[in-house]
Protein chains: 2
Amino acid sequence: MKEKELTSLAVFVKQRRKTLKINQLELSEKAGVGLRFVRDLEQGKASLRMDKVNDVLRLFGHELGPVEMDRTKLWQ
Amino acid sequence: MKEKELTSLAVFVKQRRKTLKINQLELSEKAGVGLRFVRDLEQGKASLRMDKVNDVLRLFGHELGPVEMDRTKLWQ
DNA sequence: ACTATTTACACCTTATAAGGTATAAATAGT
DNA sequence: ACTATTTATACCTTATAAGGTGTAAATAGT
C-alpha cells in the first residue's frame, strides 16, 4: 500500500484534463511535454521542473505561483 | 541590458526575505538549499525544481500551487 | 568618495529529471 | 465476464539543474 500523497497540483491537473475529456497522451502532446511527465505530474512527483509544469498549466489558463500553505501542514 | 523578466515568484521571495532582514546566504541556509539556488530563484529562472522552491517558500508559510494566469499573458 | 557587504555571473562537476520503451495493472464499455 | 483503452511502474540514456568556487558588479553605510 503505497499511499502516495496526492498533491493539490496533481488533483488540479487531473480534474482539468478530465473536463476536457482527453487522456494523458493527448495532454502531453498539447503541452509539448513527454507522456511520462504528465504521469509523474498527476502522481504528485515533487521534484518536477517548474517550466515543464507551467507548460501544462498554461493550457488551463494557470501557472505556478506561491499560495498560502494549508494550515494543517504548517507545524511539521 | 539583459532585461530578464522578473517573475512574481521571484519578487515574492525577494520581498519576503527583505522583510525578514536576512541575506541570500542566510535564506539558503534556513531553507537547506544552495546559495546559487536562491540567487537563481530571485532572478526568475524558470526551470527550477518545484521541491527546492517549496523548501524556500515553506519558510514563508507558502507553497507552489496553480494560480490563474494574469490576463495580459493569456494571448501570447 | 571610499569601503564593506551583498548580489550577479561564469566555469565546472555531480546528481537527477525528462523522456523513450516495455510491461503490468486498473478502468471503462459492451 | 470479456475486451479495449487508459494509466502506472520499471529500466535505461541523455539533458540539464544544483551547487561549489571564483570574480565582478552593485548596493549600502560612513
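None of the values given here were measured: they were computed from a predicted structure. Here is the naming used below: chain letters follow the sequence lines, and residue numbers restart at 1 for every chain.
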ask   = Once you round it to whole Å, what is the distance between P of C/dA17 and CG of B/Leu48?
value = 14 Å
A/Gln43 side chain near D/dT7 phosphate (N/O to OP1/OP2, under 4.0 Å) = no
key: Length of the CG-C1' vector between B/Asp55 and D/dA17, whole Å   = 14 Å
inquiry  = Contact list please: residues 11-30 of chain A against DNA chain D, heavy atoms, distance less than 4.0 Å, in numerical order.
reply    = A/Lys14, A/Arg17, A/Lys18, A/Asn23, A/Gln24
query = Is A/Arg17 paired with A/Glu42 through a side-chain N to carboxylate O contact shorter than 4.0 Å?
reply = yes
ask   = Is it true that atom CD of A/Glu29 has more than 12 heavy atoms of other residues, nucleotides or ligands lying nearer than 6.0 Å?
value = yes
note = What residues 31-39 of chain A contributes to the DNA chain D interface at heavy-atom separation below 4.0 Å is A/Arg36, A/Arg39
task = In whole angstrom, give the distance that lies between atom CD of A/Glu42 and atom C1' of C/dA26.
result = 14 Å
ask   = For the residue pair A/Asp55 and A/Leu59, what are the closest heavy atoms and their distance?
value = O-CG, 4.1 Å
query = If pairs are Watson-Crick or G-U with both distances under 3.5 Å, what is the dot-bracket string of DNA chain C, marking crossing pairs with [ ] and pairs to another strand with |?
reply = ||||||||||||||||||||||||||||||
A/Leu41 versus A/Ala10, closest heavy-atom pair with distance = O-CB, 3.4 Å
remark   = CG (A/Leu35) and CG (A/Leu25) are apart, to the nearest 0.5 Å, by 5.5 Å
message = Please determine whether the number of non-hydrogen atoms from other residues, nucleotides or ligands lying under 6.0 Å from atom CD of A/Glu68 exceeds 12.
response = no
task = Starting from C1' on D/dA17, measure out to NZ on B/Lys52 and report it in whole angstrom.
result = 10 Å
task = Specify the separation, in whole Å, of atom CE of B/Met50 and atom P of C/dA18.
result = 8 Å
note = Here the pair of heavy atoms bringing A/Leu64 nearest to B/Val67 is C-CG2, 4.3 Å
request  = For B/Thr19 and B/Arg16, work out which heavy atoms get closest and say how close.
outcome  = OG1-O, 2.6 Å
ask   = B/Lys45 NZ to D/dA18 C1': how many Å, rounded?
value = 7 Å
query = Of the non-hydrogen atoms in A/Leu9 and B/Met50, which two are nearest, and what is the gap between them?
reply = CD2-SD, 3.7 Å
request  = Taking all heavy atoms of B/Val53 and all of B/Phe37, pick out the closest pair and write down the distance.
outcome  = N-CZ, 3.6 Å
request  = Measure the acute angle between the ring planes of A/His62 and A/Phe12, then classify it against the limits of 30° and 60° as parallel, tilted or perpendicular.
outcome  = tilted
task = Tell me whether the OP1 or OP2 atom of D/dT16 has a side-chain N or O from A/Arg49 closer than 4.0 Å.
result = no
